[in-house]
Protein chains: 2
Amino acid sequence: MKPSIPKGTRDFSPVEMARRNYIFDTIRRAFRLYGYKQIETPAMENLSTLMGKYGEEGDKLLFKILNSGDFMKSVRQEDLESKNLPRLTNEMCEKGLRYDLTVPFARFVVQHRAELQMPFKRFQIQPVWRADRPQKGRYREFYQCDADVVGSDSLHNEVELLSLIDYVMEQLGINVTIKVNNRKILAGIAALLNAADKLVDITVAIDKIDKVGLENVNKELLEKGLSEEAVARLEPLLTLSGSNEEKLARLSVLLDGQDEGMKGIEELREVLDGIAALDPKATVELDVSLARGLNYYTGTIIEVKANDVEIGSITGGGRYDNLTGVFGMPGLSGVGISFGADRIYDVLNQLDLYPAEISASVKVLFINFGEAEARGAEKIIAKLRRAGISAQLYPDAAKMKKQMAYANAEGVPYVALIGDKELADGTVTLKNMASGEQTVVTPDELVARLG
Amino acid sequence: MKPSIPKGTRDFSPVEMARRNYIFDTIRRAFRLYGYKQIETPAMENLSTLMGKYGEEGDKLLFKILNSGDFMKSVRQEDLESKNLPRLTNEMCEKGLRYDLTVPFARFVVQHRAELQMPFKRFQIQPVWRADRPQKGRYREFYQCDADVVGSDSLHNEVELLSLIDYVMEQLGINVTIKVNNRKILAGIAALLNAADKLVDITVAIDKIDKVGLENVNKELLEKGLSEEAVARLEPLLTLSGSNEEKLARLSVLLDGQDEGMKGIEELREVLDGIAALDPKATVELDVSLARGLNYYTGTIIEVKANDVEIGSITGGGRYDNLTGVFGMPGLSGVGISFGADRIYDVLNQLDLYPAEISASVKVLFINFGEAEARGAEKIIAKLRRAGISAQLYPDAAKMKKQMAYANAEGVPYVALIGDKELADGTVTLKNMASGEQTVVTPDELVARLG
């Protein structure tokens, strides 16, 4: 009987909303400062747009929407009898919920190509839905905050996105390390080991080095069929140390003669030099073991870690070659990043980094002493609001104790009292709830005081 | 092959988003100034929460989500054979998409009652989904912007909501008439005519008076079984003219002796006096023929019309008695309003009321003359962004003509040029795209000029 919400979904209270808005507003403001333009796409996409874009597992994790009206009309008896779930789904559902923002963005670009200026810098902040098994920190509905530039191969885009990440994290007060790599370097390494076909195995293994250590990585590589010699040659690449410049120099020696690897080094040097020239607050670090999104990214790979909290990556991204090919518009490359709002929320909570101004309450609550006083209060409240100061009247002439308890529970910083005397004098008694101090002021002084 | 989106849904371009954000930001700022607190609820609710809340027709208009995994597992053979769609839906779907914000709000209040302070003033701005037949101005996905106070019977809440509507419409520059009525007056009128059982027929008929005229209303009432005498007695009530005070005085005479009707008059007088004392810019008008949401509202009824555009109501609301009874928490009354964002968007478009500052583009685009120049530009761009000025570099060193065409198409107000000479001098050539005027400035002057 007690009402509930579907597992893996969340209600957000006023306090949670104030905090979430602080994060989204900070990111949105930064996106705009950097020239990214907002778009929104529908929550529902045609299943033909979504299916097959996230692998077989992803197809299962899409939320499908039952057709309106007679949803059994196209269902075939044989599919019912054989309980062929994929075919039945297809016959009963035309639409599904957005699974990420990338596929809808690709669909948008193709559909609206005639109206878009290239390069197109877009941002999008919307919820996505996945029928994942819910667990701590993983939800079935969550927001993604994506910025992408498409239609430009210039590495200035990478520099700009790194600067954007640095700016957002500085604004939020989170100390971060931005790890950068390039898929071409990973490909070069695989080629060097005569194991180009094992690129994915190699990257999956080395991606775990922070967690499991070098020895276990070597063990896994041997199990995957790499020769002892190859594993030995890989080791100095995985244990690179020193400055980015030193790492690049060392890589240039190790990958000498590997065209693709050398191209990756060149790209990475340009990106790292570009961001270094802008004096970022974040540490920007070349990390050869960084291998996220390898089936997707073709150049730069970016991942952001919070320095002061044990948590997975809080932002990530990279360059891709062919965003829209699957929708019949080949050759459109781009680079993008995605802020992980839920993890950033966890980091800010753990470090208690929310500014004091963030509050769900009004600045001042007017106590209601009865009809005439309330009418007087309403006029002054209107004046405050016109001056941009949030204010409200307690609507009922309840007992003073009850109204003050409400003010306390809501965390209202000021309470205003208009009783007989104030009403006659045209004044307000203002009480600072933190200090307990009371002052009698005119309405104009009140505006000045709270403004 | 060309990708598309489901019918009745929309993509929003950067220009449309800039305009929509202007509307949503204005409403959101007003909600906060007035002390309403934001919540969000999941897009998906359990169907048990949604079903039966919107009538039989509403149940059909809910978008249902196919269960993940083996959705055929609970389907009974007999329901398949008889093609019992409601039962099959129930067996295959546990969740549906939010149809409005009111039912999720009621569910939220009951679920979180222990954490909420009453009176609870909440606002919520989120999309809702309805499987309606799409037509001009009616979409399957659209935003609602709702503010409600629950847990207080005080009419100060009505006054505050009317003031809030007035404030929002003034901020948006829309001249409006706010029509106000009270369901108790309509009930009093029905009782007066000895037709309390025909309240709905009467209100449905008189609600059309603006469209079809008095004679046709009278004809419909006779057809519905009202006596000639009752229709004659109703006529002076429908043709009330003069000021609100005059209308109230006349109603007091006509409804004399009808307790419920007289109570409605008293409430309405208090609300109208309260808002009049705040000098609203909007015309606030008592309209006895206003009869929206009669199966739901129990006291004040509010509807807002734009004065300068032919369009339906752009905002509406009212008082209700029993928001949460259906979820096992009886007796919670409240009052709320809902801004119609899509219609407000249409009004602002038709009247071209968007402020000039609303733009999807950056303030200044830096032309890219090559590597060294672009690096110099990136430093100045970083400086501008830190000063809150949006700026971007054209990422590729393309032909000047192409870059300027891009600036024009994007509607960028300023273009900045850093060539050999500027790079050597540490200056920037700033071009005003409207006037064509060019000035050479230092980076600091640039910040001052564009800030």
Side-chain angles (χ1 to χ4, degrees), chain A residues 1 3 5-6 9-14 17 32-35 37-46 49 63-66 68 72 80 83 93 95 107-108 110-111 117 119 127 131 141 152 154 156-157 159 163 277-278 327-328 360 362 374-375 378 382 385 390 392-393 395-396 406 409-410, chain B residues 1 3 5-6 9-14 17 32-35 37-46 49 63-66 68 72 80 83 93 95 107-108 110-111 117 119 127 131 141 152 154 156-157 159 163 277-278 327-328 360 362 374-375 378 382 385 390 392-393 395-396 406 409-410:
Chain A
M1 193 56 228
I5 51 178
T9 69
R10 292 166 288 175
D11 282 329
F12 294 109
S13 72
M17 281 309 298
R32 289 197 187 123
L33 268 183
Y34 277 72
K37 299 171 161 209
Q38 189 170 17
I39 68 162
E40 281 188 4
T41 62
M44 300 185 283
E45 293 275 353
N46 291 322
T49 299
F63 281 111
K64 287 113 188 161
I65 293 163
L66 198 64
S68 313
M72 295 298 286
L80 278 177
K83 239 180 105 168
C93 302
K95 295 179 287 287
R107 193 265 310 144
F108 180 97
V110 175
Q111 196 173 328
Q117 295 297 318
E141 173 180 57
S152 166
S154 165
H156 289 290
N157 298 304
V159 173
S163 168
L278 300 180
F327 296 118
V362 290
R375 285 286 166 87
E378 280 174 335
R385 288 169 178 161
S390 61
Q392 71 179 65
L393 171 70
D396 304 277
Y406 177 86
E410 294 282 290
Chain B
M1 191 58 229
I5 51 179
T9 69
R10 293 166 287 176
D11 283 329
F12 294 108
S13 72
M17 281 308 298
R32 289 196 186 123
L33 267 184
Y34 278 72
K37 298 169 160 212
Q38 190 170 16
I39 68 163
E40 281 188 3
T41 61
M44 299 185 284
E45 293 275 352
N46 291 321
T49 298
F63 281 111
K64 287 111 187 165
I65 293 163
L66 198 66
S68 313
M72 295 299 287
L80 278 177
K83 239 182 104 167
C93 301
K95 295 180 286 290
R107 194 264 312 142
F108 180 98
V110 174
Q111 195 173 328
Q117 295 297 318
E141 173 179 55
S152 166
S154 165
H156 288 293
N157 298 304
V159 173
S163 168
L278 300 179
F327 295 118
V362 290
R375 285 284 167 90
E378 280 174 336
R385 288 170 178 161
S390 62
Q392 71 179 63
L393 171 71
D396 304 277
Y406 177 86
E410 293 281 290

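In what follows, chains are A, B, ... by sequence order, proteins preceding strands, each numbered from 1.
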Quick check: closest heavy atoms across [X] and [Y], and the distance to 0.1 Å?
X        : Y        : value
B:Pro6   : A:Lys95  : CB-CD, 3.5 Å
B:Ala43  : A:Glu141 : N-OE2, 3.0 Å
B:Ile39  : A:Pro14  : CG2-CD, 3.8 Å
A:Ser68  : B:Phe63  : OG-CE2, 3.9 Å
B:Phe108 : A:Ser13  : CZ-CA, 4.4 Å
A:Asp11  : B:Arg107 : OD2-NH1, 2.6 Å

- Message: For A:Asp396 and B:Ser152, which I'm curious about, is there any donor-acceptor pair between the side chains at under 3.5 Å?
- Response: yes

Which region of [X], side chain (C-beta onward) or backbone (N, CA, C, O), has a non-hydrogen atom less than 4.5 Å from a non-hydrogen atom of chain A, or is it both or neither?
X        : answer
B:Leu278 : side chain
B:Arg32  : both
B:Thr41  : both

- Is the side chain of A:Ser390 donor-acceptor paired with the backbone N or O of B:Leu33 at a distance under 3.5 Å, no angle test? no

- Task: Drop me the distance from A:Asn46's CG to B:Thr9's OG1, to the nearest 0.5 angstrom.
- Result: 7.5 Å

- Tell me, please, which residues at least two apart from B:Glu40 pass side-chain hydrogen bond (donor to acceptor under 3.5 Å, both in side chains). none

- Contacting moiety of A:Gln38, where chain B heavy atoms sit under 4.5 Å: both

- Given A:Ala277, A:Ser163, A:Ala131, A:Pro127, the one with more heavy-atom pairs under 4.5 angstrom with chain B than any other is A:Ala277

Any side-chain heavy-atom pair of [X] and [Y] under 4.5 Å:
X        : Y        : value
A:Tyr34  : B:Arg385 : yes
B:Gln111 : A:Ile5   : yes
A:Lys64  : B:Ile65  : no

- Message: So, using side-chain contact (heavy atoms from CB on, under 4.5 Å) as the criterion, who are the partners of A:Glu410 when residues are at least two apart?
- Response: A:Tyr406, A:Val412, B:Lys37, B:Gln117

